[in-house]
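This report concerns only the one structure given below.
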There are 2 protein chains.
Amino acid sequence: MAGPQRETADPRPTSRDVARAAGVSQATVSLVLGDKWQGRVAERTAERVRAAARELGYRPNLAARNLRLGRTRTALLVVPALTNEFFARVHTGAARVAARHGFGVVLYPAPDVTAPARDPFDSARASLDGVLASSMASEALATIRGDELPLVMLDSDPAHSLGAATVNLDIADGMRQAAEHLLALGHRDLLHLAADVSSWTFDVRRDALTAAVAGTGATVRTARAALAVDDARTATEAALTAPGPRPTAVICDDDVLAAGACKAARRLGLHVPDDLSVTGFDDLTLATAVEPELTTVALPAERFGEQGMDTLIAVLGGRTPAPEPLPVDLIVRGSTAQSPAARR
Amino acid sequence: MAGPQRETADPRPTSRDVARAAGVSQATVSLVLGDKWQGRVAERTAERVRAAARELGYRPNLAARNLRLGRTRTALLVVPALTNEFFARVHTGAARVAARHGFGVVLYPAPDVTAPARDPFDSARASLDGVLASSMASEALATIRGDELPLVMLDSDPAHSLGAATVNLDIADGMRQAAEHLLALGHRDLLHLAADVSSWTFDVRRDALTAAVAGTGATVRTARAALAVDDARTATEAALTAPGPRPTAVICDDDVLAAGACKAARRLGLHVPDDLSVTGFDDLTLATAVEPELTTVALPAERFGEQGMDTLIAVLGGRTPAPEPLPVDLIVRGSTAQSPAARR
DNA sequence: CGCCTCACGTTGTACGTATAACTTAGAGGG
DNA sequence: CCCTCTAAGTTATACGTACAACGTGAGGCG
C-alpha cells in the first residue's frame with residue numbers, strides 16, 4: 001500500500017507536531033514542557049499539551065535544545081583507564097549524580113595522562129559543559145584550562161590545580177593508617193611497593209609513608225612496578241632477595257600490586273602473613289579474592305565520583321564549593337600479622 | 001583597563017567569525033572546513049580560511065552541526081555493569097573504533113537488564129545515532145526496537161534479535177574446550193557453578209556444557225551464585241558438602257565465581273588443583289592474581305567491542321554485516337589437574 | 001463609557017551549521 | 001559581438017528549540 005520508501009525513515013515528532021495536535025502554538029508547547037508556564041498557560045491547555053506529547057511519543061531534540069541554550073548538559077570524565085576497577089566505580093558514582101541532574105557523562109580514557117592525544121578531546125570539548133579530570137598531570141591540565149571549561153580535579157595536587165576546584169580522598173590518612181598498623185605489629189623493615197606511575201596520588205602515598213615512619217626507627221625501602229600483577233611480582237622478588245635485612249612487610253600503592261607481592265612471597269617460600277605482611281590500597285574485588293584476603297585501605301570510590309560530579313555541577317551553577325577530603329578506612333584482613341621478630 | 005565583566009565569559013568563535021577574519025562568507029568557511037571545496041573554492045582562499053580558523057582556535061559547534069545534519073555521531077553502549085572488567089574492556093574497544101570514525105560513546109549501565117529504568121535512557125535516545133547493547137534480555141530489547149534506532153546486539157540470542165545485527169563471541173566453544181579439558185583429565189563428577197543471572201550468555205554456557213558431557217558418562221551438578229566472590233564461595237561450599245559423590249572439578253561461568261570456588265575449597269581443606277580442579281571464564285586480571293592461577297577461557301573482550309562498533313557503523317551506513325563469532329581460547333594454568341581417581 | 005490590568009496565548013527571532021540555489025566575472029567558441 | 005560555460009564564490013534557508021516581545025478579549029474601576 002505504501003508508496004516507495006522515503007529516505008527519511010525517522011520522522012520523529014517535533015514540538016510543532018505536538019502543537020498542531022494540541023491546537024496551540026509551538027511556543028506554548030515549549031512553555032508547558034519546560035515547566036515555565038506558571039500563570040502563562042491555563043491548566044486545561046497545559047494538560048492538553050502534555051497529553052498530545054505523550055500520545056505522539058514526543059522527545060525534545062537535544063541538539064536543538066543545546067544549540068538554543070548554549071549548553072549541553074554533558075560532562076567529560078577523564079580517567080587513566082576504565083579497566084581499573086577503581087575508576088569504573090568513580091564513573092558509576094559520577095554518572096549517577098549526573099543522571100539525577102539531567103547530565104550525561106562522556107568518558108575520555110587518557111592512556112598516558114602526561115600527554116593526552118588531542119584529537120578525540122578536541123572534537124569532544126566543543127560540546128561539553130565541564131570536565132571532571134582524575135589523576136591528571138599538571139601539563140595536560142594546563143591545556144584543558146586553556147579552554148576555559150569549568151573543571152573539577154579529582155585526587156589531584158591542590159597546589160597545581162590552577163584555580164580549579166579539587167575533590168580529594170584522604171589518601172595520606174589511608175597510608176598513615178596502613179603504616180601505623182604495620183608498625184604496631186612490630187614491623188621495622190618495610191618495603192614500599194610503589195606504582196611506577198607519575199601521579200600526585202602516588203606521591204601522596206610516598207610522603208605520607210615517610211612521615212608516618214619518621215622517628216620510629218623503622219626503615220623503608222622502595223620498589224617500583226607497573227600496575228600489573230606480573231610486574232609487581234617480579235619487582236617484589238627482586239627487592240626481597242636483595243642484599244641487606246629482608247623486609248618483613250610490604251606496603252603497596254594498590255591492591256593489584258599487593259596481589260603481585262603475595263605471589264612473590266609464595267615463590268620465595270615465604271608465608272603470608274607469618275613471614276611477610278602485605279597491605280594493599282583501594283579494596284577492589286581482588287582484595288577478597290586472593291588468599292589470604294588483603295588488609296587494605298578501602299576507598300569510597302563511588303561516593304568520590306558522586307562528590308566530584310556534585311562539585312562540578314555546583315561550579316557550573318556559579319558556586320565554588322571546597323569539600324573536605326573523603327575519609328578512608330583501613331580494613332584489616334588476613335594478609336598482615338605480627339612481625340616474626342616481635343613474635344619472638 | 002577592561003570594563004565590567006560581561007555575563008558571556010565564553011564567546012567561542014563561530015564559523016562567521018572565521019569568515020570575517022578570512023574575508024569570505026560563512027558558507028565558504030563551511031565548505032573549506034568540511035572538505036567539500038574541491039573545485040568550488042580556490043586553493044589560495046582555502047588556505048586563508050584554514051589559517052584564520054587556526055588563528056582563532058575555531059571549533060565547530062557540535063550542537064549546531066548535529067541539528068543541521070540530523071545525526072549526532074554518538075552511540076549508546078548498554079552494559080550490565082562497567083565495574084565488571086569484561087565490560088570495561090568491551091567499552092575500551094568500542095570507544096577506540098568509535099573515535100576512529102569520529103563517533104562518541106555514551107554509556108548506559110543497566111543494573112537490571114530485564115527492566116531498565118526508562119528515564120535516563122529516554123532522555124538520551126533522542127540524541128543517539130545507534131545502540132550497542134550487550135547481554136540484554138529480549139524484553140528490554142523490544143522497547144529499544146520500538147524506537148527504530150539502529151541496533152547491534154552483543155553476545156545475545158540471535159533467535160530473539162528481532163532482526164538486529166548480532167555480534168558474538170564463541171562462548172559455546174569456550175565452554176566445550178573447558179569441559180573437554182576436564183574430561184581429558186579424568187574428571188567424571190563435575191560441578192557447574194552457574195551465574196545466577198538471567199542472560200543468554202549464561203544459557204549458552206549451560207547448554208554447551210550439557211552437550212559436551214553427553215555420552216561421556218560424566219555427571220554434572222549445578223550450583224548458582226551471584227557474580228561475587230563471597231556468594232560463590234558459599235554456594236560452592238554448600239554444593240561440595242552435599243550428600244552424594246563429591247565433584248572433583250568445578251567449571252565456572254566466570255572468573256569471579258572461580259575465585260570463590262577456590263576459597264571454598266581451601267575452607268573445606270581441599271587443595272586446588274590436587275583435590276579439586278577449577279576453571280574460570282573471561283581471563284580477567286583476577287585470573288592470574290589468585291593462587292593457583294586460574295585455568296580459564298580467555299575472551300577477546302576489546303576485539304569484541306571493536307567488532308561491535310564496526311558493525312554498528314556498518315549498519316548506520318546501510319550495510320548489514322553478519323560477522324562470524326570471535327574465537328575464544330582455553331588457557332591452561334594451575335587450577336586444573338588430573339582427577340584424584342585418574343591419578344590412582 | 002473609556003481605560004487599565006490581567007490571564008492566556010501567539011508571533012517572531014536567534015542559536016551555528018550545511019548546503020541548495022543563485023550570481024558574477026572571465027574565457028572561449030561561433 | 002553575443003552567447004555559453006566554468007570557476008569561484010555568495011545569498012538564503014532550514015534544522016528544532018526557548019524565550020522576549022507583542023496581541024487580545026474580558027473584567028474591573030473611576
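Chain letters run A, B, ... following the sequence lines, proteins first and then strands; every chain starts at 1. Values in this document were obtained by computation on a predicted structure and should not be read as measured data.
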Provide the start and end nucleotides, 5' to 3', of the part of DNA chain C that has atoms under 4.0 Å from heavy atoms of chain A. C:dC8 to C:dG16
With a 4.5 Å limit on heavy-atom distance, are the side chains of A:L326 and A:L169 in contact? yes
Counting only heavy atoms and a strict 4.0 angstrom limit, can you tell me which residues of residues 27-48 of chain A come near DNA chain C? A:A27, A:T28, A:R40, A:V41, A:A42, A:T45
Nearest-Å distance, CG (A:L69) to C1' (D:dG16)? 12 Å
Does the cation-pi check pass for A:R50 over A:W37, that is, NZ or CZ under 6.0 Å from the six-membered ring centre and within 45° of its axis? yes
Could you give the angle between the helix axes at the two ends of the helix from C:dC1-D:dG30 to C:dG30-D:dC1, with five pairs per end, rounded to 10 degrees? 70°
May I ask you to say whether B:E47 pairs ionically with B:R54, meaning some side-chain N is under 4.0 Å from a carboxylate O? yes
Is there a donor-acceptor contact under 3.5 Å linking the side chains of B:D155 and B:T201? yes
Could you state the CZ-P distance from A:R16 to D:dC15, rounded to the nearest angstrom? 8 Å
Remember a base hit wins even if backbone is also touched, and classify B:L67 as base, sugar-phosphate or nothing at under 4.0 Å, heavy atoms. base
Under 3.5 Å, is there a donor-acceptor pair between the A:N66 and A:T72 side chains? no
Heavy atoms under 4.0 Å, any strand shown: does A:S25 hit a base, just sugar-phosphate, or nothing? base
Which heavy-atom pair separates B:T311 from B:A165 by the least distance, and what is that distance? CG2-CB, 4.1 Å
State, with a plain yes or no, whether a side-chain heavy atom of A:H101 is found less than 4.5 Å away from one of A:V97. yes
Distance, rounded to the nearest Å, where A:Q26 contributes CD and D:dT17 contributes C1': 6 Å
Is it true that, when you exclude A:E43 itself, more than 12 heavy atoms of the residues, nucleotides or ligands shown sit nearer than 6.0 Å to its CD? yes
Please determine whether the number of non-hydrogen atoms from other residues, nucleotides or ligands lying under 6.0 Å from atom CD of B:E55 exceeds 12. no
Which pair of heavy atoms, one from A:D129 and one from A:R73, lies closest together, and at what distance? OD2-N, 2.8 Å
Could you walk me through whether A:V152 and A:T166 pass the side chain to side chain contact (heavy atoms under 4.5 Å, CB included) test, one step at a time? CA-CA 6 Å; A:V152 171; A:T166 60; over 6 Å; no
